[in-house]
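Step one of this worksheet: look at the structure below.
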Amino acid sequence: MSSVWHDAVHSLNQSIAIIALDGTLQLVNQSWVTQASKHGLSPDWDRPGINLLRDFAAKEHSSNPLLQHLLQNFDSILQGDYPYFKTEFYWDFPQGRSWFLAEVIPFTKHGTTKIEGITLTCSDITAFKNSESQLKETISKISTLQGLLPICAVCKKIKDDHNEWNPIENYLNQHTCVEFTHDICPDCIRMLYPKYSSILDHPDNSEQASHKTCLCHEHVDHPNNP
């Protein structure tokens, strides 16, 4: 590998490993080494010579269905059944679960079609999976408002899944991300405060009417008035 290619491969954030036909690591880039150290993997994980396929098949990883799916498809790639394969998988580390996107590509010796090994690239997609999970949760909350909602024709309370009647504000607070601020509509002002309804009916005259009221108040209450 030329110096330029060597430097370029080691500068990538994507972890890259070259794997022999028997599953042994041949070469790894610096990102592979960094990720192995970051996640506390065994000391041999980042060194050529470890048998990656045998490690994937170890008992402690046998309960990881996505990792086992990746292992099964290694054989298909080596046998030439698939020209390319990719999958998402997770790994439970002491500091928590991390998600990865693995891409497996067979490589051949120049000028031949015989498969010599596999190029495995691995990208940490934990942040994307966490965002995806939050988005699904948000969509799930919004979707609960779809369909028919039983609402009282008189007080407008809504009946929830537990057959309890809730004020509409409480129901929407529980099932959406909205927040309420209170105001009063013109119809309710006319009904509850009829003496102010003229201001609503003639908004252009409201300022003048207010000014006249103040003048009359001053004329009546001033002690020097006759």
Side-chain angles (χ1 to χ4, degrees), residues 1 5-143:
M1 183 184 294
W5 278 105
H6 180 277
D7 294 340
V9 170
H10 281 288
S11 68
L12 294 173
N13 288 327
Q14 192 176 41
S15 301
I16 300 175
I18 305 299
I19 305 172
L21 293 176
D22 65 352
T24 303
L25 280 181
Q26 299 294 300
L27 294 169
V28 296
N29 70 343
Q30 183 58 45
S31 178
W32 186 283
V33 176
T34 302
Q35 290 297 322
S37 175
K38 172 183 175 182
H39 295 296
L41 295 170
S42 64
D44 294 332
W45 179 266
D46 60 349
R47 301 170 191 170
I50 184 177
N51 191 297
L52 192 62
L53 300 187
R54 186 166 59 240
D55 192 84
F56 278 4
K59 183 178 180 180
E60 60 265 28
H61 304 314
S62 60
S63 61
N64 188 323
L66 290 177
L67 196 56
Q68 293 307 306
H69 181 55
L70 175 63
L71 177 62
Q72 293 167 7
N73 282 277
F74 264 91
D75 290 335
S76 299
I77 290 289
L78 291 174
Q79 295 169 12
D81 296 336
Y82 299 153
Y84 172 78
F85 172 75
K86 68 177 179 178
T87 188
E88 296 177 356
F89 69 95
Y90 63 83
W91 206 310
D92 289 322
F93 298 101
Q95 62 269 36
R97 174 168 294 182
S98 292
W99 280 87
F100 301 92
L101 171 65
E103 299 178 85
V104 183
I105 306 171
F107 66 86
T108 59
K109 191 173 182 179
H110 182 67
T112 70
T113 58
K114 182 181 178 181
I115 296 176
E116 297 288 332
I118 285 176
T119 300
L120 170 63
T121 64
C122 197
S123 306
D124 190 332
I125 58 171
T126 304
F128 295 102
K129 295 298 288 187
N130 290 340
S131 297
E132 181 184 64
S133 178
Q134 293 173 3
L135 180 60
K136 287 181 178 179
E137 182 180 353
T138 301
I139 292 175
S140 173
K141 290 180 179 180
I142 294 174
S143 65

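Sequential numbering from 1 along the given sequence is applied to the chain's residues.
A donor and an acceptor atom, one from each side chain of Asp22 and Thr24, are located under 3.5 Å apart.
Atom OG of Ser11 sits about 11.0 Å away from atom NE2 of His6, to the nearest 0.5 Å. In this structure, OG1 in Thr121 is found 9.0 Å from CH2 in Trp32, a value given to the nearest 0.5 Å. Distance OG/Ser98 to OH/Tyr90: 12.5 Å, rounded to 0.5 Å. If you take CD on Gln134 and NZ on Lys129, they are separated by 13.0 Å, rounding to the nearest 0.5 Å. With rounding to the nearest 0.5 Å, the separation of CD1 in Ile125 from CD in Glu88 is 4.0 Å.
Among Ile16, Asn13, Ile18, Thr34, the one residue that satisfies the side chain to side chain contact (heavy atoms under 4.5 Å, CB included) test with Asn29 is Ile16. For the side chain to side chain contact (heavy atoms under 4.5 Å, CB included) test with Leu120, the passing option among Val28, Ile19, Leu25 is Ile19; the others fail. Remark: of the listed residues Thr126, Asp92, Asn130, Asp92 is the sole one forming a side chain to side chain donor-acceptor pair (under 3.5 Å) with Arg97.
Contact annotation: the side chain of Ser133 never approaches that of Glu137 to less than 4.5 Å [non-hydrogen atoms, C-beta and beyond].
For Ile115 against Leu21, the heavy-atom pair with the smallest separation is O-CD2, 3.7 Å. Closest non-hydrogen pair, Ile105 versus Tyr84, comes out as CG1-CD1, 3.6 Å.
Here the side chain of Ser131 pairs a donor or acceptor atom with the backbone of Ala127 at under 3.5 angstrom. Counting only distance, with no hydrogens or angles, the side chain of Glu103 and the backbone of Ser123 share no donor-acceptor pair below 3.5 Å.
When the side-chain contact (heavy atoms from CB on, under 4.5 Å) test is applied to Glu116, the partners found at least two apart in sequence or on another chain are Phe107, Lys109, Lys114.
Ring geometry for Phe93 against Trp91 counts as parallel: the plane angle stays under 30°, on a 0 to 90° scale with 60° as the upper cut.
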